[in-house]
> 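Below is the structure I would like to discuss, written out as structure tokens.
Model, not experiment: these values are computed from the prediction. Below, chains carry the letters A, B, ... as their sequence lines are ordered, and counting in each starts from 1.
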Amino acid sequence: MNHELLLGWWDTAARDLPWRRPECTAWGVLVSEIMLQQTPVARVEPIWHEWLARWPVPSAMAAASQGEVLRMWGKLGYPRRALRLHEAATAIARDHGDVVPSDVETLESLPGIGSYTARAVATFAYGQKCAVVDTNVRRVVARAVHGAGDAGPPSTKRDLRDVEAILPEAQDDAAVFSAALMELGALICTAKNQKCADCPLYTECAWQQAGRPAYAGPAKKVQQFAGTDRQVRGKLLDVLRGAPGPVPKIQLDVVWHDVTQREKCLVSLLDDGLLEQTHDGLFALPGEH
DNA sequence: CAAACGTGGTC
DNA sequence: TGACCAAGTTT
């Protein structure tokens, strides 16, 4: 891997995202990483600004109610992420002096922080040298290194070893390298309509040299959405986000025709702590009654 | 390891 | 128009 090509490209092509700015705190980086899990940059950016303005440090967010956090999360999707981030903020404020931990192991012990996010925070917030593996990186490595059309099914240990093998020696370069690899996957080496003509790795890309063969691995599963519990849960929660306070059950009943599925989803939301029932039998966002 | 978990944009 | 995609984590 020619690091210079990639780092040079980063200098001219990287997007100016707020969580990449030097004044951004580790907390800002952590918030961005959680929001960006399965959610596009364009939808994250405005919400991220609102969050950092309102909760500039973990303890500030820890002091907010869960319901308030869920409202601020809006329609970013997968709202359990918001609840887990609130838990993580609470733990950071209580157990870590309001400072986001810098080591991967401690980060991974926090709710909602898995292997990717822990490494991303250690790398982008603290400049540590460690491999960061996300879907973009897996795709770039699959093509540029292995000459495959796309990454196969994830294999945590193998993926990690692959990326560690191409990480620059110098710690100063490692963080930028990881960011650049991700950025390349996001802007150039995309899943479809990849822009190979603009790729800094064009001349050394194994996929290019192999004649860009089609992906040969097992078909990826497509996530259904219409008619799933996910859709119903989303509709139920949306009622509460749109209401100023607790609502009677009838307001939830109208969002979905299938009683059985609706009730099941209502229970699951209560189980997940995304919803609560008041003493009067009304439904509310957690902590808002 | 597969499946569950939101939402909206794109081609 | 509907399938596919978007900086994953948890169970």
> Can you measure D271(A) atom CG to dT11(C) atom P for me and round it to whole angstrom units?
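Computing the D271(A):CG to dT11(C):P distance gives 13 Å.
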> What is the distance, to the nearest angstrom, from the CZ atom on F177(A) to the P atom on dA7(C)?
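After rounding, the gap between these two atoms is 17 Å.
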> With sequence neighbours excluded, what pairs up with E288(A) under the side chain to side chain donor-acceptor pair (under 3.5 Å) test?
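For E288(A), the residues satisfying side chain to side chain donor-acceptor pair (under 3.5 Å) (neighbours in sequence not counted) are R71(A).
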> Considering all heavy atoms of both residues, which atom of A118(A) and which atom of L107(A) are nearest to each other, and what is their separation?
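Looks like O-CD1, 3.4 Å.
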> Any residue in residues 106-121 of chain A with a heavy atom nearer than 4.0 angstrom to DNA chain C? Just list them by number, or reply none.
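Close to the strand are P111(A), G112(A), I113(A), G114(A), S115(A), Y116(A), T117(A).
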> Taking both distances under 3.5 Å as the test for a Watson-Crick or G-U pair, what stems of at least three pairs does DNA chain C have?
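Stem list for DNA chain C: B:2-5 with C:8-11, B:7-10 with C:3-6.
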> From CG of L184(A) over to C1' of dA7(C), roughly how many Å is that when rounded to an integer?
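For the pair L184(A) CG and dA7(C) C1', the rounded distance is 14 Å.
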> In the hydrophobic clustering (ILVMFWY, side-chain contacts below 4.5 Å, transitive), which residues join V57(A), or is it alone?
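Members other than V57(A) - counting any ILVMFWY side chain reachable under 4.5 Å - there are none.
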> Check the side chains of D162(A) and H146(A) for a donor-acceptor pair under 3.5 angstrom, ignoring hydrogens and angles.
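Distance-only check passes for H146(A) and D162(A).
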> Starting from V104(A), walk the hydrophobic network (Ile, Leu, Val, Met, Phe, Trp, Tyr; side-chain heavy atoms closer than 4.5 Å) and list everyone else you reach, by chain and number.
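V104(A) clusters with nothing; isolated.
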> Can you confirm whether the side chains of R81(A) and Q38(A) place a donor and an acceptor under 3.5 Å from each other?
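Q38(A) and R81(A) do not have a side-chain donor-acceptor pair below 3.5 Å.
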> Take the protein atom CG of L36(A) and the nucleotide atom C1' of dC5(C), then report the distance between them rounded to whole Å.
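From L36(A) CG to dC5(C) C1': 15 Å.
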> Name the nucleic acid region contacted by K220(A), choosing base, sugar-phosphate or nothing; use a 4.0 angstrom heavy-atom cut-off, strictly under.
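Answer is nothing: K220(A) stays at 4.0 Å or more from every strand.
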> When the nearest nucleotide of DNA chain C is assigned to E33(A) and to Q224(A) on a heavy-atom basis, which residue is associated with the more 5' position?
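Looking at the nearest nucleotide for each, Q224(A) comes out on the 5' side.
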> Could you tell me which non-hydrogen atom of A26(A) sits nearest to which non-hydrogen atom of Y126(A), and how far apart they are?
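So the minimum-distance heavy-atom pair works out to CB-OH, 3.3 Å.
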> Roughly, in whole Å, what's the span from CG in D150(A) to P in dC4(C)?
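After rounding, the gap between these two atoms is 13 Å.
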> Please report the distance, rounded to the nearest Å, between CG in L85(A) and P in dG8(C).
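Spelled out: CG on L85(A) to P on dG8(C) is 16 Å.
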> Charged N to carboxylate O under 4.0 angstrom, D238(A) versus R241(A)?
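Salt bridge between D238(A) and R241(A), a charged N being under 4.0 Å from a carboxylate O: yes.
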> Apart from V259(A) itself, what residues make up its hydrophobic cluster when side-chain heavy atoms of I, L, V, M, F, W and Y under 4.5 Å apart count as a link, directly or indirectly?
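Noted: V259(A) shares its cluster with no other residue.
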> Would E263(A) and K249(A) pass as an ion pair if we require N to O under 4.0 Å?
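Between K249(A) and E263(A) there is a salt bridge, with a charged N closer than 4.0 Å to a carboxylate O.
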> Would you say the side chains of Y116(A) and Q37(A) form a donor-acceptor pair under 3.5 Å?
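Absent: no donor and acceptor within the cut-off.
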> Give the intermediate values and the outcome of ring-ring contact (aromatic ring centres under 6.0 Å, His included) for residues W51(A) and W73(A).
CA-CA 9 Å; W51(A) 277 54; W73(A) 189 257; 5.6 Å; yes
> Please state the P separation for the pair dT11(C) and dG6(B) - nearest whole angstrom.
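Rounded to whole Å, the distance is 14 Å.
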> Hydrophobic clusters join Ile, Leu, Val, Met, Phe, Trp and Tyr when side-chain heavy atoms are under 4.5 Å apart, directly or via other members; which others share one with L237(A)?
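Listed partners: L70(A), L83(A), V232(A), L236(A), V239(A), L240(A), V247(A), L252(A), V254(A), V255(A), W256(A), L266(A), L269(A), L270(A), L274(A), L275(A), F283(A), L285(A).
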> Treating Ile, Leu, Val, Met, Phe, Trp and Tyr as nodes and any side-chain heavy-atom pair under 4.5 angstrom as an edge, say whether V44(A) and W55(A) lie in one connected cluster.
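Yes, it is one cluster - the side chains of V44(A) and W55(A) are joined through contacts under 4.5 Å.
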> Taking DNA chain C as the partner, which of residues 14-25 of chain A come within under 4.0 angstrom of it by heavy atom?
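Close to the strand are R15(A), L17(A), W19(A), R20(A).
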> Do nucleotides 4-11 of chain B as a string where each nucleotide becomes B, S or -: B if the base has a protein heavy atom under 4.0 Å, S if just the sugar-phosphate does, - if no protein is that close.
-BBBS--S
> Name every residue in residues 124-136 of chain A that has at least one heavy atom under 4.0 Å from any atom of DNA chain C, in order of residue number, or write none if there are no such residues.
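Under 4.0 Å from DNA chain C: D134(A), T135(A), N136(A).
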> Using the P atom on both, measure dA3(B) against dA7(C) and round to a whole Å.
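My reading of the P atoms in dA3(B) and dA7(C) gives 22 Å.
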> Identify the heavy atoms of P246(A) and H289(A) that sit nearest to each other, and give their distance.
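Here P246(A) and H289(A) meet closest at CG-CB, 4.1 Å.
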> Ion pair present between D150(A) and R139(A), side-chain N to carboxylate O less than 4.0 angstrom?
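No.
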> Do K129(A)'s NZ or CZ and the ring of F177(A) fall within the cation-pi criteria of under 6.0 Å and 45°?
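Pair K129(A)/F177(A) does not count as cation-pi.
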> Among residues at least two apart in sequence or on other chains, which ones pass side chain to side chain contact (heavy atoms under 4.5 Å, CB included) with R20(A)?
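R20(A): side chain to side chain contact (heavy atoms under 4.5 Å, CB included) contacts with W10(A), A14(A), R15(A), L17(A), E183(A).
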> Check A60(A) against P56(A) and note the closest heavy-atom contact, atom names and distance.
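Looking at all heavy atoms of both residues, the closest pair is CB-CD, 4.2 Å.
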> If you take any heavy atom closer than 4.0 Å to DNA chain C, which residues from residues 246-263 of chain A end up in contact?
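Residues of residues 246-263 of chain A that come under 4.0 Å of DNA chain C do not exist, since none gets that close.
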> Quickly work out the E45(A) CD to dA7(C) P distance and round it to whole Å.
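Interatomic distance, CD of E45(A) to P of dA7(C): 15 Å.
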